[in-house]
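The structure appears below as structure tokens.
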Amino acid sequence: MDLQPVLNSVARDVAAYLGEGEVARYIPALARVDKAQFGIAVRTVDGTESCAGNALTPFSIQSISKVFTLALAMRSLGDDLWQRIGREPSGDPFNSLVQLEHEQGKPRNPFINAGAIAVADRLVSLHPDPKQAITAFVSDLCDATITFDAEVARSEAETGFRNIALANFIKSFGKLDNDVATVLDVYFNQCALSMNCLQLARAVGFLCRDGAHPLGGGRDAVLTSRQARRINALMLTCGTYDAAGEFAFRIGMPCKSGVGGGIVAVLPDQLTLCVWAPGLSASGNSAAGMRALELFIERTGLSIF
Ligand code: GLU
């Protein structure tokens, strides 16, 4: 199937919805982003790439980074990772504190902030320079030099009172091995990775290739096929904040969103895609991005179900 005409029609039709939602104002550096932007990129398992709109404009990937840090931690730790992190949807907001109290500092899943902070802690233990390990990993996945946006990272650190509270709370239960400030520095920076839609569609390619490197060509596998399946399962059930049920119902693909307005989606064995539109719905997911995914599914007939 030639996907370029589909992407062109999605980009054209979604333009009417770009006014929807609000940019993430709680991170000052994101509050200034122009809402009238939309990008979409697709990469099929055979490496065919198609783009439309602002697919090459870099944006703050925010929580999409949680997919990469999870993959990096799973590579080294295997099933040991799950001793301190659960695999259930939280049903609470992504930055909620209450659940952690009830569950003695064990975050529900790796895609809520508490879970990603716990993953960052493991990366600090595993890598002498965890931030460098993250940029090296993501850069290799999409064959580009990916860096942190220092202004966004600073902005998060200055206003991330809830994340600071979450990290301290986990630490108080003895479930964070490293210094809170060091772990948060990794977390704030991973959220501040700057990438475009095409780079993201490439970088998550291992999830539609049973863990094999997205770019193939004899490169080492990223994960085992079992690990890749598990990340897809977590994305389907926990990847889009409190709207995971709605995403499964309306879109039917494992997705991970970020408050920068990006959403990555996976159709195992077929393709990966990324949409970006900065206006967020009340659930924190890109409003126009979600509509674009729905249009894509409707016009291609693709689904995991
Ligand atoms: N940096 C954001 C935060 O920690 C990430 C949130 C997100 O994209 O879900 O609040």
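In listed order, ligands and their atoms are each counted from 1. Heavy atoms only: backbone and side chains are in, while hydrogens, waters and symmetry mates are out.
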Point to revise | Flag for N109-S90: side-chain donor and acceptor within less than 3.5 Å | key: no
Check your understanding: Is the closest basic N to carboxylate O distance between K131 and D185 below 4.0 Å?
Key -> yes
Exercise for review: Enumerate the atoms of ligand 1 whose separation from the nearest heavy atom of N113 is less than 4.0 angstrom.
Suggested key: 3 (C), 4 (O), 10 (O)
Exercise for review: Give the numbers and elements of all ligand 1 atoms closer than 4.0 Å to a heavy atom of Y241.
Suggested key: 7 (C), 8 (O), 9 (O)
Check your understanding: Can you find a non-hydrogen atom of Y187 under 4.0 Å from ligand 1?
Key -> yes
Point to revise | SB check D121 R84 (cutoff 4.0 Å) | key: yes
Check your understanding: Which of the listed options, G284, A192, S63, holds the heavy atom that is closest to atom 6 (C) of ligand 1?
Key -> S63
Exercise for review: Please work out which of the three classes, parallel, tilted or perpendicular, describes the rings of W276 and F59, given edges at 30° and 60°.
Suggested key: parallel
**Study point:** Test: K256 cationic atom under 6.0 Å from F111 six-membered ring centre, within 45° of axis
**Key:** yes
Review point. Do NZ/NE/NH1/NH2 and the carboxylate oxygens of D13 and R299 come within less than 4.0 Å?
Key: yes
**Study point:** Numbering as shown, the atoms of ligand 1 that approach V259 to under 4.0 Å (heavy-atom distance)
**Key:** 6 (C), 7 (C), 8 (O), 9 (O)
Practice item. Would you check the N or O atoms of G258, main chain and side chain alike, for any that come under 3.5 Å of an N or O of ligand 1? Key: no
Exercise for review: For N163, take its heavy atoms, then give the atoms of ligand 1 lying under 4.0 Å from any of them.
Suggested key: 3 (C), 4 (O), 10 (O)
**Study point:** side-chain contact (heavy atoms from CB on, under 4.5 Å) evaluation trace for Y26 with V259
**Key:** CA-CA 10 Å; Y26 75 107; V259 295; 3.5 Å; yes
Review point. Would you say E156 and ligand 1 have an N/O pair spaced under 3.5 Å apart?
Key: yes
Check your understanding: With backbone taken as N, CA, C and O and side chain as the heavy atoms from C-beta onward, which portion of Y26 lies under 4.0 Å from ligand 1: side chain, backbone, both, or neither?
Key -> side chain
